[in-house]
Amino acid sequence: MGKNDLAIFGGPKAVQSDPGDIFTWPRITKEVEDAVLEVLRAGKMSDVDVTEKFEKEFAEWLGVKYALAHNNGTAALHGAMFGIGIRKGDEVICPSITYWASCLPVYSLGGTVVFADIDPETLCIDPNDIERRITPRTKAIIVVHYLGMPADMDAIMDIARRHNLKVIEDCSHAHGALYKGKMVGTFGDVACFSLMSGKSLACGEGGMLTTDDRRIYERAIVFGHYERHHLLTYEDLKDGAGLPWGGYKYRMHQLTSAVGRVMLKHYPEMMAEIDKAMNYFWDLIEGLPGIRSHRPPKGSGTTKGGWYAPHGLYRSEELEGLSVYRFCETLRAEGVPTRPGCNLPLHLHPLFNTIDVYGDGKPTRIANCPPNVDVRQPYGSLPVSEGIQEKVFSVPWFKRYRPEIIKEYADAFRKVIENYRELLPGDTKRSSEPVGGWGMTRMIRNP
Ligand SMILES: *Cc1c(COP(=O)(O)O)cnc(C)c1O
């Protein structure tokens, strides 16, 4: 067997080197350990002093007035939804391809979701599909900068302004990413960042809410941060101070805050290395048939931050219909960690169709809609979201710029694509396991 024979047929693997720590994330240094131990030894796990420092530094880094730390990104999104005033009967527009926390907390506020389709190139909400989803009940657009790719904020903010809608940016995939030179999270009314340990800014379980709007900040405080109620200035909010209006306790664990402060300090430099590594990888294989990078055009001022869960776009038609399953399986045999798919389309899950969570006698999705209004979206209503699973594949997340190692992975892609014809006869066009998932963990786990 020669060097160019595919490993799946018994040839040598394209990836021969030990990857070392190139995929290791988060990066736990002595500095991180010391910061955690300091909080532990001071007995300050449940205080807020370290958290307040983290918030201040986070707000400065992003260039916004307020940051409010939460115990996870889901809680930050919940606080943001209450913050902008989502209430019974309100609708939010959200992409169907995202992690569920982008929208699901609206249920507990009596609101509901209307999904918009995604753009097949950016994989973010398609601005052209937003406007026709707007009704008199629409309160907000939830934007997700999906897999690190900034959404088309010019078009989205224009729609929001014309229809007087609030915008929540879910930046959980895109910490530090720029849209036309400006950091994501600074466009909408409020932004949320998950800081869980797989995310690019990885602090452990944690989330950050950021805003320039004092009223949103205070509403998020009144909702889930009773220990901060001394900060309230609006009379109507002060009237209910002392107890959390939501009945939730959303304060961040100070071990997370301690980790977060160290991670944030080094984040710009880690992000720059990741950006360099991922662009190097794509530069080596861009132009091969069958695949496209999922990254902004160079020189556009738009960037992907820490390239959370990087993916590529798959063009089966350029490889005579070779399925993405066969493609990924062959790459895995070469030593490349890759899988087809991304998040599953939320609008098809029973929780958005049939489940009655709160005992309303009807599905929660439509529990607070006016009579004769049914916002549910059956199969066929969001075609891009429903078909995207077979058009994307994950690529290795290189956290270190090590060109000679990265090149082996790029060579594997080249080898598979150059030999794709050999793969056609054995292509059953079926997956041996589910494609994508409701969460991302399975797809981003280290090899
Ligand atoms: C991870 C994630 C969240 C939720 O964050 P947690 O910290 O896990 O609660 C929200 N939105 C998106 C897009 C995410 O990927």
Side-chain angles (χ1 to χ4, degrees), residues 23 25-26 72-75 77 94-105 107 113 115-120 122-125 142 144-149 170-174 192-200 202 205 207 294 304 306-314 316 323-332 336-355 357 365 377-379 381-397 428-447:
F23 300 124
W25 201 255
N72 56 46
T74 306
L77 281 152
C94 179
S96 183
I97 299 295
T98 180
Y99 183 69
W100 51 263
S102 301
C103 57
L104 209 37
Y107 272 7
V113 196
F115 292 105
D117 217 341
I118 57 164
D119 177 286
T122 66
L123 307 179
C124 296
I125 194 166
I142 297 170
V144 184
H145 304 293
Y146 192 64
L147 306 177
M149 182 71 103
D170 184 348
C171 301
S172 300
H173 292 187
C192 297
F193 299 76
S194 168
L195 306 174
M196 62 78 74
S197 52
K199 301 287 158 73
S200 298
E205 287 300 300
H294 177 237
K304 286 188 75 177
W307 287 72
Y308 175 70
H311 279 60
L313 310 178
Y314 189 64
S316 151
S323 75
V324 71
Y325 311 108
R326 184 75 166 144
F327 177 71
C328 288
E329 173 187 57
T330 311
L331 277 163
R332 285 200 299 273
V336 179
T338 176
R339 295 191 182 281
C342 51
N343 286 101
L344 294 172
L346 290 170
H347 68 283
L348 300 181
H349 191 280
L351 190 50
F352 292 102
N353 289 283
T354 52
I355 310 278
V357 183
R365 180 92 182 272
Q377 294 159 289
Y379 186 82
S381 54
L382 298 159
V384 181
S385 301
E386 289 161 14
I388 201 68
Q389 303 301 324
E390 297 192 340
K391 293 183 178 136
V392 297
F393 56 96
S394 64
V395 298
W397 68 358
T428 60
K429 304 203 185 260
R430 274 203 314 265
S431 171
S432 54
E433 50 185 320
V435 184
W438 300 111
M440 199 64 87
T441 318
R442 190 183 62 80
M443 282 168 280
I444 62 169
R445 197 173 295 144
N446 295 342

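Only a predicted model underlies this, so the values are computations on that prediction, with no experimental measurement involved. Numbers for residues simply follow the sequence, beginning at 1.
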Exercise. Do side-chain atoms of Arg365 reach the backbone of Val113 as a donor and acceptor pair under 3.5 angstrom?
Worked result: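 Pair found, side chain donor or acceptor close to backbone of Val113.
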Exercise. Hey, is the main chain of Ser316 close enough, under 3.5 Å, to the side chain of Lys391 for a donor-acceptor pair?
Worked result: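 Between the backbone of Ser316 and the side chain of Lys391 there is no qualifying donor-acceptor contact (under 3.5 Å).
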Classify the ring geometry between [X] and [Y] as parallel (under 30°), tilted (30 to 60°) or perpendicular (over 60°).
X      : Y      : result
Phe115 : His347 : tilted
Phe327 : Tyr314 : tilted
His173 : Tyr146 : tilted

Find the distance between [atom1] ([X]) and [atom2] ([Y]) and round it off to the nearest 0.5 Å.
X      : Y      : atom1 : atom2 : value
Leu346 : Leu351 : CG    : CG    : 9.0 Å
Ile355 : Tyr107 : CD1   : OH    : 9.0 Å
Cys328 : Phe393 : SG    : CZ    : 7.0 Å
Trp307 : His294 : CH2   : NE2   : 9.0 Å

Is there a side-chain contact between [X] and [Y] (heavy atoms, below 4.5 Å)?
X      : Y      : value
Thr428 : Tyr325 : no
Gln377 : Leu382 : yes
Cys124 : Ile118 : no
Asp170 : His145 : no
Gln389 : Ile97  : yes
Glu386 : Tyr379 : yes
Arg326 : Lys429 : no
Ser194 : Asn72  : no

Problem set entry | Stacked cation flag Lys199 on Tyr308, 6.0 angstrom / 45 deg | yes
Exercise. Passes side chain to side chain contact (heavy atoms under 4.5 Å, CB included), Leu123 versus Ile388? Steps please.
Worked result: CA-CA 9 Å; Leu123 307 179; Ile388 201 68; 3.6 Å; yes
Problem set entry | Distance-only polar pair, side chains of Asn343 and Thr98, donor-acceptor under 3.5 Å |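 Judged by distance alone, the side chains do not pair up.
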Exercise. Do His311 and Ser394 meet the criterion of a side-chain donor-acceptor pair at a distance under 3.5 Å?
Worked result: no
Problem set entry | Evaluation steps, side chain to side chain contact (heavy atoms under 4.5 Å, CB included), between Trp100 and His349 | CA-CA 10 Å; Trp100 51 263; His349 191 280; over 6 Å; no
Exercise. How far apart are the C-alpha atoms of Arg332 and Glu329, what are their side-chain angles, what is the distance that settles it, and do they pass the salt bridge (Lys or Arg N to Asp or Glu O under 4.0 Å) test?
Worked result: CA-CA 5 Å; Arg332 285 200 299 273; Glu329 173 187 57; 5.7 Å; no
